[in-house]
Structure formats: structure tokens, C-alpha cells
Amino acid sequence: VKALQDRLDDMFGASFDHSVYKHGDQHVLQFDIEIPNGKFLPGQPHLLEDALELLASIVGQPLLTAGHVRAEFLDLEREQLRRRLGSIINNKARYAAYRGVEALFEGEPFALHSLGRLEDLPDLTAERVTARHAEMLTGMWRELVVVGDVDPEQVRDLWARCSPLPSGQGPALKPTIRLGDRTDVVERSDRFDVQQSQLVFGFRAPVTIHDADYPAYLMFSGVLGGYAHSKLFVNVREKASLAYSVYSRYDSIKGYMLITAGINEADREPAERLILEQIEAIARGEVDADEMQQTLALIVNDYRELVDSAAAVAHHVLARDLTGHRWTIEQVIEACGRVTVADLARLARETRLHVRYALRDRQSREVTHA
């Protein structure tokens, strides 16, 4: 770690990061390196070449002993992963959302956390990890995204010269399978020593990012619970004081929506009822012009902000290529501007509830649904 930090310091304070996350049915391992533009530094150093060489070394040439990852490094990473997985439960709101997704996709790989499972950690041997790394280099889809004041041909030439990876993107990605249509509603709950209960509703969304109605569903989720002016926030939290926090989150890749709320357990029944009533109100067309205009303005602002950050642009490009959709920023903005209240009402009627999850205090009394 010290050697890596020293190398980054030598590159005028470059930064390096990595992450593991789910994007639809794809399990993504991402490496990021950010450098200043050498044109504006003393001596105009070739930092782009240095950064690509460092990135290629990190990804393709790990430190091995007898052909395998070093045992002491593996033990350290295994313990860090154990702590990260064990800490998921400490943030009860995030844990509740995870449990809601788990119930929605029970039996599917998507139900697993992106970091894996605690019970699988003992099986992570040096041999298995090394073999997996080799498979990653040669048998998995990969993409290099570079954003900045660069010459694309120069980037290609530099990467081809320094990278140990085979040329091309590797095998094609399998398409993501959207959440299937169901008629059941699954009820799940957990009990902990907590003062604030958590509610999670899981819905099947009728639209994914591949559909023409994608911008309309962005508007629907925004009006429902995406922003501070939304129906959930105003009616459930502000007016009725039935929630400490409440919002909706739309996953356009897998085709689902979550509504999560932090509440007092004594308010669970009226909170649940009022939350679901907000979708019913949209289904009846009860959305005023101010709600539409504010939601549109905030969605436009979210998309416009993407171009202000090189990292955000890179993530947007990578997400597009992982998914295979071809919505541009301008196309989404333009389409959102054409969305009508009738569009939102139709999508609200087509949104199906499939999961009710409650994280509750161990001592709380049972509350039955009306």
C-alpha cells in the first residue's frame, strides 16, 4: 500500500480507487485512477502513460508467491471483507433495503449482496482467488474508459503497449433478466433492538431502461418519492408526520422500485396505508403542474451535472455499455419534457406490489394490516 501511495504521490497527487458492485445481472469490478493534466504541470510530464502503465500493473500483474496470491495479503483482505459484510447490519435503513431486494429476487443471483456472503469466506483459498483472477483477465468482458483532454488513438496505442490483457472486450455480456411478473405479495420481517422501525415496499416496475417509457418512469418515481417536493415526502413525512424519512428508488436495469421509510412502530399501519395511497393518487391522475415542473427541473439538473465530472461521465459511459441501452443525456431530458400526467397515471396502475418488509424492535407489539 505504501509503495502504491508513493507512486501516486510521484504522479502529482494522482488518486486510485476500486469498487465491486452490481449493475443489473452483471457483477462489476471497477478500477479508477485520476490524474492531473500534464499540460499544465512543470515539465509537462507524460502522466497519461504513467497512469495507464500503473493501472495495467495493478489489474494484470499482482504480487504472487509460487504462482499464487500471497497468503498474508489474502488473509488481510478476507478479514477486511468479513468486517464489511458484518457491518451491513449496522445501518438499519440500508439493511432493510437490502432485505427487501433479497425478498424480491429470492432464488436469483441478484438477491446476493455485491460483496458476497460471510459463510463463503473460508473457501477463498489462494488457489481459487488466483484462478479467478486469471479467468478475469482472459475470459470476462472488460472495458477501458478514459475521460479528459486526450487523443483516443494515443490512448489505444499506449494501452496496447502496456496492458497484459488480450485485445478487445472479451466475451459478450449476457442480457439482464428483468423482475418477472407475479401475483403474490411476500411478507417478511426482522426484529432487532431498535427505536426506529423500517418499512420497505418492493414493486415490479413495468418499465426498464430499454423501453420507450423509461423517461416517463423516471418522472413517476420522482413525483412519487424521488425529491423533497414528492408526494411521499410532503404527505407522509411533512403533513402527517408518520415517517422520519421516506423515499422511492427505481432500478431501471432489473425493473423494480423500492419505497423505504423510517417510522415509529406505533405508526406502522397508518404509515403503510398512506404510503400506498400516494401511488393510488397518481393512478387517479392527482398530480399538479408544480409537481411535474419541479420533478422535470430536478431530473434535468441531475443529468446536466453528469458532464461536470469526469468520473461521472466515465461511470455513465460504462453503465450504458454494461446495459446495452442507447439513451443519450439529451434524449432523456427531451423525453422527460414530453411526459404527461396521463403517462404517470398509467404507469402507476401498472406498478405491482410484491414485497412488504418490516424491520422492527424486539419488544414491539404485533400490528395487523387493515
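Atoms considered below: every heavy atom in the structure, side chains included; atoms not considered: hydrogens, waters and symmetry mates.
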| query | Going through the checks in order, is the salt bridge (Lys or Arg N to Asp or Glu O under 4.0 Å) test met by Arg352 and Asp181? | reply | CA-CA 8 Å; Arg352 299 285 183 265; Asp181 201 4; 5.3 Å; no
| message | With side-chain hydrogen bond (donor to acceptor under 3.5 Å, both in side chains) as the criterion, how do Thr295 and His229 come out once you've worked through the C-alpha distance, each side chain's angles and the decisive distance to 0.1 Å? | response | CA-CA 8 Å; Thr295 300; His229 71 276; 2.7 Å; yes
| message | Could you go through Val223 and Ile282, starting from their C-alpha distance and side-chain angles, then the distance that decides it, and tell me whether this counts as side chain to side chain contact (heavy atoms under 4.5 Å, CB included)? | response | CA-CA 9 Å; Val223 168; Ile282 297 176; 4.1 Å; yes
| task | Take Gln198 and Arg99, measure what side chain to side chain contact (heavy atoms under 4.5 Å, CB included) needs, and give me the verdict at the end. | result | CA-CA 11 Å; Gln198 299 290 333; Arg99 290 282 284 149; over 6 Å; no
| task | Just do the side chain to side chain contact (heavy atoms under 4.5 Å, CB included) check on Val246 and Thr260 with the steps written out, would you? | result | CA-CA 6 Å; Val246 60; Thr260 63; over 6 Å; no
| message | Using the rule given for salt bridge (Lys or Arg N to Asp or Glu O under 4.0 Å), can you reason through Glu330 versus Arg304, listing the C-alpha separation, both sets of side-chain angles and the distance that settles it, and then say yes or no? | response | CA-CA 9 Å; Glu330 290 303 322; Arg304 295 284 190 215; 2.4 Å; yes
| field | From CA spacing to verdict: side-chain hydrogen bond (donor to acceptor under 3.5 Å, both in side chains), Thr340, Asp343 | value | CA-CA 5 Å; Thr340 66; Asp343 293 327; 3.1 Å; yes
| task | Could you give me the CA-CA distance, side-chain angles and deciding distance for Tyr247 and Leu232, then say whether side chain to side chain contact (heavy atoms under 4.5 Å, CB included) is met? | result | CA-CA 6 Å; Tyr247 65 92; Leu232 289 174; 5.9 Å; no
| request: Determine, step by step, whether Asp157 and Arg161 satisfy the salt bridge (Lys or Arg N to Asp or Glu O under 4.0 Å) criterion, reporting the C-alpha distance in whole Å, the side-chain angles of both residues, the deciding distance to 0.1 Å, and the verdict. | output: CA-CA 6 Å; Asp157 292 342; Arg161 187 163 68 244; over 6 Å; no
| task | Could you go through the side-chain hydrogen bond (donor to acceptor under 3.5 Å, both in side chains) check for Gln196 and Tyr244 one step at a time? | result | CA-CA 9 Å; Gln196 183 183 127; Tyr244 299 105; 5.4 Å; no
| field | Asp211 vs Arg178, salt bridge (Lys or Arg N to Asp or Glu O under 4.0 Å): CA-CA, chis, key distance, verdict | value | CA-CA 12 Å; Asp211 299 322; Arg178 68 189 299 169; 3.7 Å; yes
| query | Could you go step by step and tell me if Glu265 and Ser197 meet the side-chain hydrogen bond (donor to acceptor under 3.5 Å, both in side chains) rule? | reply | CA-CA 6 Å; Glu265 180 60 27; Ser197 295; 2.7 Å; yes
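Hydrophobic clustering of Ile, Leu, Val, Met, Phe, Trp and Tyr side chains at less than 4.5 Å, counting indirect connections, unites Met292 with Ile333. Under the 4.5 Å side-chain heavy-atom criterion for Ile, Leu, Val, Met, Phe, Trp and Tyr, Ile58 and Val20 are members of the same hydrophobic cluster. Hydrophobic clustering places Leu55 together with Ile35 (ILVMFWY residues linked when any side-chain heavy atoms are closer than 4.5 Å, directly or through intermediates). Put simply, Val234 and Leu242 are part of two different groups of oily side chains (I, L, V, M, F, W, Y) that touch within less than 4.5 Å, one to the next. No single ILVMFWY cluster, assembled from side-chain heavy atoms under 4.5 Å apart, contains both Leu124 and Met136.
Within 6.0 Å of CZ on Arg83 lie no more than 12 heavy atoms contributed by other residues, nucleotides or ligands. Within 6.0 Å of CD in Gln294 there are more than 12 heavy atoms belonging to other residues, nucleotides or ligands. Crowding of Ile177 atom CD1: a count of heavy atoms from other residues, nucleotides or ligands under 6.0 Å not exceeding 12. A 6.0 Å sphere centred on CD of Glu72 holds more than 12 heavy atoms belonging to other residues, nucleotides or ligands.
The minimum heavy-atom distance linking Phe201 with Glu272 is given by the pair CZ-CG, 3.7 Å. Considering all non-hydrogen atoms of both residues, Gly226 and Ser248 come closest at N-OG, 3.7 Å. When all heavy atoms of Thr208 and Tyr214 are compared, the closest pair comes out as O-CB, 3.6 Å. Contact record, Ala103 with Arg188: CB-NH1, 3.9 Å, taken as the closest heavy-atom pair. Among all heavy-atom pairs drawn from Val355 and Val185, the shortest one is N-CG1, 4.4 Å. Closest approach of Leu258 to Ala97, counting heavy atoms only: CD1-O, 3.8 Å.
Between the side chains of Gln278 and Asn235, at least one donor N or O sits under 3.5 Å from an acceptor N or O. Inspection of the Asp302 and Tyr227 side chains reveals an N or O donor paired with an N or O acceptor under 3.5 Å.
Here Asp361 does not pair with Arg191 in a salt bridge; the nearest charged N to carboxylate O distance is not below 4.0 Å. We find that Glu291 and Lys231 are joined by a salt bridge, their nearest charged nitrogen and carboxylate oxygen being less than 4.0 Å apart. Using a cut-off of 4.0 Å between Lys/Arg side-chain N and Asp/Glu carboxylate O, Arg156 and Asp151 are scored as not salt-bridged.
Here Tyr256 and Tyr250 keep their ring centres 6.0 angstrom or further from each other. Aromatic rings from Tyr95 and Phe192 are positioned such that their centres are separated by under 6.0 Å. Annotation: Phe220 is in aromatic contact with Tyr217 [ring centroid separation under 6.0 Å].
Taking the side chain as every heavy atom from C-beta outward, Phe110 and Asp251 approach each other to under 4.5 Å. Residues Ile33 and Leu8 are in side-chain contact: their nearest non-hydrogen atoms beyond the backbone lie under 4.5 Å apart. At least one side-chain heavy atom of Lys254 sits under 4.5 Å from a side-chain heavy atom of Thr176. Two residues are said to be in side-chain contact when any heavy atoms from C-beta on lie closer than 4.5 Å; Leu118 and His113 fail this criterion. With contacts defined as side-chain heavy-atom distances shorter than 4.5 Å, the pair Val186/His354 does not qualify. No side-chain heavy atom of Val194 sits under 4.5 Å from any side-chain heavy atom of Arg360. Two residues are said to be in side-chain contact when any heavy atoms from C-beta on lie closer than 4.5 Å; Leu199 and Arg268 meet this criterion. Contact of the Leu41 side chain with the Pro36 side chain is registered, since non-hydrogen atoms from C-beta on lie closer than 4.5 Å.
Relative orientation of the His316 and Tyr303 rings is perpendicular, given thresholds of 30° and 60° on the angle between their planes. Between His23 and His315, the ring planes lie perpendicular to each other; the angle is over 60°, past the 30° to 60° tilted range.
Going from atom CD of Glu280 over to atom CG of Leu276 covers 6.5 Å, rounded to the nearest 0.5 Å.
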